[in-house]
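See structure below.
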There are 2 protein chains.
Amino acid sequence: MKPGPRRSVSQVDIVDAAFEILEQKGFAAVSVRGVAAALGLTPTAIYTYFPSKNALLRAMVDELLSSLDLAAASDPAVDWRQRVHALAAALRARLAEHTGAMVLVTSGPLDGPHALSLNEALIAGFMGERMPLDDAARAAHAVLAHVLGVAALDAAERAGDVEASAGRTSSGALWSDAASHPLTEATAHLVAGSAGGAVGVVGAGGADAVSASDDGRADSAFAWGLDRLLDGVLASVAEPVTAGA
Amino acid sequence: MKPGPRRSVSQVDIVDAAFEILEQKGFAAVSVRGVAAALGLTPTAIYTYFPSKNALLRAMVDELLSSLDLAAASDPAVDWRQRVHALAAALRARLAEHTGAMVLVTSGPLDGPHALSLNEALIAGFMGERMPLDDAARAAHAVLAHVLGVAALDAAERAGDVEASAGRTSSGALWSDAASHPLTEATAHLVAGSAGGAVGVVGAGGADAVSASDDGRADSAFAWGLDRLLDGVLASVAEPVTAGA
DNA sequence: ACCTGAACACCGTTCAAGT
DNA sequence: ACCTGAACACCGTTCAAGT
């Protein structure tokens, strides 16, 4: 099973070991001590390669982003909208794969080489749609925010599968006893659901629809929101700023 | 300074103590042991009120959301766009106030009473713009995702003020040595910057512009993205679905 | 440069016991 | 119901020392 402890380790070995632990035992198990043990090292040996646990976490973030296909996202032969959808879906899938990915992504600025390249590809793509540089940068930021936000809501929902909350107000009454939130209750099915799964297939199918391979309920909500954002962003190209309220 | 240990505690006392520690010593200091000590209790006494630390965290999330002015957000006399902006800015400000707010929000489903009421207000608001229930729910989800996503990017950036990353690839070269990411570098100023600060003033000024009191660079990027999202969402009311690519 | 061993100052949670 | 005390199985990080 195990490849056995290596004789000499490197930064990438440590990051790989950390990901293996993340996938098999969850985010809470990703510890300096645990990673070191997986490599047959003493905990303090890790500090030769990373100045802190946080630095290791940030290296993991960039490793995670390295799996994105930026070449495909930069192919001008494909519709930009389609490319954004594929890129966003891929990023969301990566974030959904591991528990606690939001903690990872929040451990420091997204200024690693792959994070910068991702941002660069997004800005360039929007500029290809005749957007000025500044707005293209804002659009890239907004798309990134949308993906991270949906990932955060996904993560929050998954975190509660095991744990039931306290569930009581100070008056002792149970939360949302009946129809006090009818709209939310009636639409919960549209927004909740599993991410990942078939998401990896997006962009591989090829020809027809943007969100053809979506089957999760949350996946279509994700695509819908992204489409509305892109609608608004791309519409800003035609009518610059002048139309006021 | 300290009000002294209480004679009898309650769930709200514990949550309050946890927030005080969060604001003064940061998220890492919010521990069962620390909260208990602040109340003059033994760590294990906390488990009489919360089944786990995570349950305490979730109670903190709902407490955080309780400060949102949902009444103002439901006032039909005010333009819906303006109400969404105020609500979103307020939520973002709350998330920006404390370090590690994203970890808090990710600790479990947003199904507390105040979270549900927030969602309810958002859905109702979009329905007031003649959107069908399903799309209104998706729009609410998208707005929430946008706020959380921007908050995540904010948090990530702040997390790096202290800590410089490893900063080296396996080849030993420094990250982003020169102009390998020109678009990102040229626009970094548009997207980075402090959140919070004057944000709390939004909605208190009153009359004229939506983002009048914004001064941070990130604040205007936040408002821009939200406006583009609302553009796309509200445009979907006029032309339902029929228009194809 | 790379790694160990011992130590410091912490964690969340369980359990048995007291009132 | 509410709280204590002891214990279990952990943390991240520093420091002095070895090679």
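Since this is a predicted model, take the numbers as computed values, not measurements. Per chain, numbering begins at 1; letters A, B, ... match sequence-line order.
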Using atom names, set out every protein N or O paired with an N or O of nucleotides 8-11 of chain C below 3.5 Å, distance rounded to 0.1 Å.
| residue | atom | partner | partner atom | Å |
| --- | --- | --- | --- | --- |
| C:dC11 | OP1 | B:S31 | OG | 3.1 |

*asked:* Rounding to an integer number of Å, can you tell me how far B:F50 CZ sits from D:dC3 C1'?
replied: 16 Å
*For atom CG of B:L57 and atom P of C:dG12, their distance in whole Å*: 10 Å
*Hey, does the side chain of A:E63 reach the backbone of A:D16 with a donor-acceptor pair shorter than 3.5 angstrom?*
no
*Check B:L144 against B:L91 and note the closest heavy-atom contact, atom names and distance.*
CD1-CD2, 4.1 Å
*Between B:Y49 (OH) and C:dT13 (P), how many Å, whole number?*
18 Å
_Heavy-atom closest contact (A:A156 atom, B:V105 atom, distance)_ = CB-O, 3.5 Å
_Shortest non-hydrogen contact between A:R92 and A:V147, atoms and distance_ = N-CG1, 3.9 Å
*For C:dA9 and D:dC10, measure between their P atoms and round to the nearest Å.*
22 Å
_Atom-to-atom span, CG of B:N54 to C1' of C:dT13 - whole angstrom_ = 13 Å
*asked:* Rounded to whole Å, how long is the line connecting atom CD1 of B:I46 with atom C1' of C:dT13?
replied: 13 Å
_Quick check against the 3.5 Å criterion: does A:T106 have a side-chain atom that pairs as donor or acceptor with the backbone of A:V103?_
no
*Is B:T42 near enough to D:dT4 that one of its side-chain N or O atoms lies under 4.0 angstrom from OP1 or OP2?*
yes
*Listed by chain and number, what are the side chain to side chain contact (heavy atoms under 4.5 Å, CB included) partners of A:A101, not counting sequence neighbours?*
A:L95
*asked:* Minimum heavy-atom separation for B:V35 and B:A17, please, with both atom names.
replied: CG1-CB, 4.2 Å
*In whole Å, what is the span from the CG atom of A:L41 to the P atom of C:dC2?*
12 Å
*Partners passing salt bridge (Lys or Arg N to Asp or Glu O under 4.0 Å) against A:E97 (at least two apart in sequence or in another chain)*: A:R94
*Between C:dT13, D:dC2, D:dT13, which one does the side chain of B:P43 approach most closely?*
C:dT13
*For DNA chain D, what dot-bracket results from Watson-Crick or G-U pairs at under 3.5 Å, with [ ] for crossers and | for inter-strand partners?*
|..|||||...|||||.||
*Of all the heavy-atom pairs spanning B:M102 and B:L148, show the shortest one and how long it is.*
CE-O, 3.7 Å
*Mind jotting down which residue pairs meet the salt bridge (charged side-chain N to carboxylate O under 4.0 Å, His left out) criterion with at least one end in residues 24-52 of chain B? Sequence neighbours excluded, please.*
none
_Nucleic acid footprint by protein, nucleotides 14-19 of chain D - heavy-atom cut-off 4.0 Å, B for base, S for sugar-phosphate alone_ = B-----
*Any donor-acceptor N/O pair, A:D13 side chain to A:S10 backbone, under 3.5 Å*: yes
*Rounded off to whole Å, could you give me the CG-to-C1' distance for the A:D13 and C:dC3 pair?*
15 Å
